[in-house]
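Note sheet for the following structure.
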There are 2 protein chains.
Amino acid sequence: MRHVAALAGVGVKTVSRVINGEPNVSPATTAKVLAAARSLDYEPDLHAGNLRRSDGRSRTLGLLVGSVDNPFAGAVHRAVEDVALGRGVAVFASSLDDDPAREQAAVSAFLRRRVDGLILTTVSESQSYLAPELRRGTPVVFVDREPAGVTSDTVVSDNRDGAAMATRHLLERGHRRFAYFGDRSTIRTAQERRRGFLDELGSAGVATRDIPVVEDLHDEAAAQRAAIELFTRPDPPTAIFSSQNLVTIGVIRALRELGRHRDTALVGFDDVPLADLLEPGITVVAQNPQEIGRIAAERVFARLDGDDSPAGRSVVRTRLIARGSGEITPRHEG
Amino acid sequence: MRHVAALAGVGVKTVSRVINGEPNVSPATTAKVLAAARSLDYEPDLHAGNLRRSDGRSRTLGLLVGSVDNPFAGAVHRAVEDVALGRGVAVFASSLDDDPAREQAAVSAFLRRRVDGLILTTVSESQSYLAPELRRGTPVVFVDREPAGVTSDTVVSDNRDGAAMATRHLLERGHRRFAYFGDRSTIRTAQERRRGFLDELGSAGVATRDIPVVEDLHDEAAAQRAAIELFTRPDPPTAIFSSQNLVTIGVIRALRELGRHRDTALVGFDDVPLADLLEPGITVVAQNPQEIGRIAAERVFARLDGDDSPAGRSVVRTRLIARGSGEITPRHEG
DNA sequence: GTGAAAGCGCTAACAT
DNA sequence: ATGTTAGCGCTTTCAC
């Protein structure tokens, strides 16, 4: 900046004024400064400015998702980016991998870089470590999973209702023998989905005591193995509810392998790519990651704009998409 | 930091030493400083340090991909993150959307934030605007698409060879009536794939003059429409090569709709999620986005570590995955 | 309409 | 083993 000022024959403050579009600079001076900046390939240093700037904003956001390599996270990320772009804010994205250590490391990395706000998917038992930062006024929005130990804005899917809706869908087709496949039972979201499933069966008068509830399946292969194992036992279920993306895919692979995909009903929570092109198409309770990301980003910016209303909880509705697998009726036993 | 120093009863420089793990601090002092930092919830300001730090590194990378909401980009991003994480480097990710204005805006946003390196997928006609930055020594690695107007490290798939391999695969099954569906013809990568396809047909003695080459299909719907249109004309092809992810999916939808998916061969460039679960499974020339991302990130860090060898071009091999659709033999005409 | 001086939080260089 | 001073590139404040 000093070089630009020297080349343009003005003071540094004048350069600063031109760069930031502040008033009280004559057009002639402006032109000189711009020309000098161009010829020196000058790019202002945003961080240096921040150090002294009154609002202290880095125009930067930290986003922590399950994994950036994952359709749900990608959609959330994209929605956040779209909102941030309009504000001239850049987004740091990191992957959680359901690892509490990574959660803390990522948050710390964001904070050291003085992000203006945080959008977080969490996995550790408590987010109370964020309390000082919240007190300092940094906006934090939790997405997909609710926080514990602190209160802050949260955006989640209606996990329980969505799971209940899926279950009702299967009950209405006459199923009475169910199985549940879910991911890590420590994850709140997973608990909610299981609860929605079991409660709905309970209300329908189905004895939930004997229903196989297989949990802690965190990848396709584990889900596939678990499903195959279940189907080699007597009286396999006629209907399956799978509580997550990868689990659903693992179950599909298992049913194919067993030749059971046309006579076993399946509804998955969370949409699966190309689910409509499979045979049968996969019926799912689809989340709305775009909406989750958009709302989360808008909450952050509202807070930055001074909104100091109490922390809120936004619930983004899920939607049942019937494609075939959920409409299979119970087979008659041999 | 001043507050921490005051609370610990030491000078700021000692705090700096402790925070950065520099030597020559007594254990007792270290403990005092750490305690003070903890009690004040102190997080060092990385940017402020950078301003003065001799290496001037922000420990930050800028990554520009097609769209963060896209499986290929997600895999690249994840690989870059994994390499960067080991170095304590955070990643800014942005979406290009094949929009030249976005490309420039994203690069400028990265530069203003003083990223240590750039990993870019580009779409504008020339990247000569990066020349000053390259001269300044900022490492830039181009991924997926080669740059124009500047020379710098590049990591790409073997587009031409991959396309040729796909074509050979179809030729070997006896096909002689082909069609090509591709995305924007202005994209170098797309040109290479088309070229690989046509050259291979030429070498096999197939007249390429009459082959339908449908291009500029940038989404599923456009590809689907184009394929349906082609199949309503006389003498439809018996084999299709589609040059991109979304185009492949559009073509699959079209073939389904036409009831042609079991008698028309299809090989797509770039893998498709769940392609193995479709019927028939989709044969593809799979890229290796993880490898592309990993190599790109390693190139950046090698440059930062002082590697000043001439700009290199890494070619990541594609792999043909036969799943059914590419093994369909030509139907006999009625 | 413009510039000079001070200072943001930190680290380099040189004390001590 | 620790402290002091200067200065990174910018914006603030205030003077002209």
Side-chain angles (χ1 to χ4, degrees), chain A residues 1-34 36-37 40-60 88 108-116 133 136 138, chain B residues 1-37 40-60 88 108-109 111-116 133 136 138:
Chain A
M1 178 149 143
R2 283 211 322 268
H3 301 136
V4 176
L7 188 72
V10 300
V12 281
K13 178 60 226 185
T14 302
V15 176
S16 169
R17 276 193 260 261
V18 171
I19 297 298
N20 298 314
E22 288 170 32
N24 293 331
V25 187
S26 74
T29 315
T30 304
K32 266 195 308 188
V33 171
L34 254 24
L40 292 174
D41 297 308
Y42 170 75
E43 281 273 5
D45 185 327
L46 213 58
H47 302 309
N50 271 28
L51 219 46
R52 198 70 176 75
R53 207 194 310 282
S54 52
D55 66 4
R57 300 279 167 80
S58 61
R59 301 196 143 286
T60 277
S108 176
F110 290 152
L111 259 23
R112 266 198 296 278
R113 289 177 175 81
R114 296 295 185 265
V115 297
D116 297 336
E133 199 59 33
R136 205 167 297 173
T138 306
Chain B
M1 176 148 143
R2 284 211 321 268
H3 301 135
V4 175
L7 187 72
V10 301
V12 282
K13 180 61 224 188
T14 301
V15 177
S16 169
R17 276 194 260 262
V18 171
I19 297 298
N20 298 315
E22 288 171 33
N24 293 330
V25 187
S26 74
T29 316
T30 304
K32 267 194 308 187
V33 170
L34 254 25
L40 292 174
D41 298 309
Y42 170 75
E43 282 275 4
D45 185 327
L46 211 60
H47 301 309
N50 272 21
L51 221 44
R52 198 67 174 75
R53 206 191 311 282
S54 54
D55 66 4
R57 299 279 166 82
S58 60
R59 303 197 143 283
T60 276
S108 176
L111 259 22
R112 265 197 298 277
R113 289 175 176 82
R114 295 295 185 266
V115 296
D116 296 336
E133 199 58 33
R136 204 167 300 174
T138 306

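Chain A is the first sequence line, chain B the second, and so forth, proteins listed ahead of strands; every chain is numbered from 1. Scope of the values below: all heavy atoms of this structure, side chains included, with no hydrogens, waters or symmetry mates.
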N/O (side chain, A:Thr14) to phosphate O (OP1/OP2, C:dG3) under 4.0 Å: yes

Any A:Thr29 side-chain nitrogen or oxygen under 4.0 Å from OP1 or OP2 of C:dT2: yes

Once you round it to whole Å, what is the distance between [atom2] of [N] and [atom1] of [X]?
| X | N | atom1 | atom2 | answer |
| --- | --- | --- | --- | --- |
| B:Glu22 | C:dA12 | CD | P | 7 Å |
| B:Lys32 | D:dG3 | NZ | P | 8 Å |
| B:Arg114 | D:dG9 | CZ | P | 9 Å |
| A:Met1 | C:dC8 | CE | C1' | 14 Å |
| B:His47 | D:dG9 | NE2 | C1' | 14 Å |
| A:Arg53 | D:dT13 | CZ | P | 13 Å |
| B:Asp55 | D:dC8 | CG | C1' | 13 Å |
| B:Leu51 | D:dG9 | CG | P | 7 Å |

Flag, side chain of A:Thr30 to backbone of A:Ala28, donor-acceptor distance under 3.5 Å: no

Polar side-chain atom of B:Asn50 near backbone of B:Gly56 as donor-acceptor pair, under 3.5 Å: no

Check: B:Arg114 and B:His47 side chains under 4.5 Å, non-hydrogen atoms: no

Note, B:Val10 side chain near B:Thr29 side chain (heavy atom, < 4.5 Å): yes

Applying a 4.0 Å non-hydrogen cut-off, can you work out what [X] is touching in the nucleic acid: base, sugar-phosphate, or nothing?
| X | answer |
| --- | --- |
| A:Asn24 | base |
| A:Asn50 | nothing |
| A:Pro23 | nothing |
| A:Val12 | nothing |

Of B:Ser26 and A:Ser16, the one whose closest DNA chain D nucleotide lies more 5': B:Ser26

Toward the 5' end of DNA chain D, by each residue's nearest nucleotide, B:Arg52 or B:Lys13: B:Lys13

No-H, no-angle donor-acceptor pair, A:Arg17 side chain to C:dG3 base, under 3.5 Å: yes

Minimum-distance nucleotide to A:Arg2 side chain [options: D:dC8, C:dG3, D:dG3]: D:dC8

B:Val10 side-chain proximity, nearest of D:dT11, D:dG9, D:dG3: D:dG3

Heavy-atom pair with the smallest gap, counting every atom of B:Ser16 and B:Met1: CB-CE, 3.5 Å

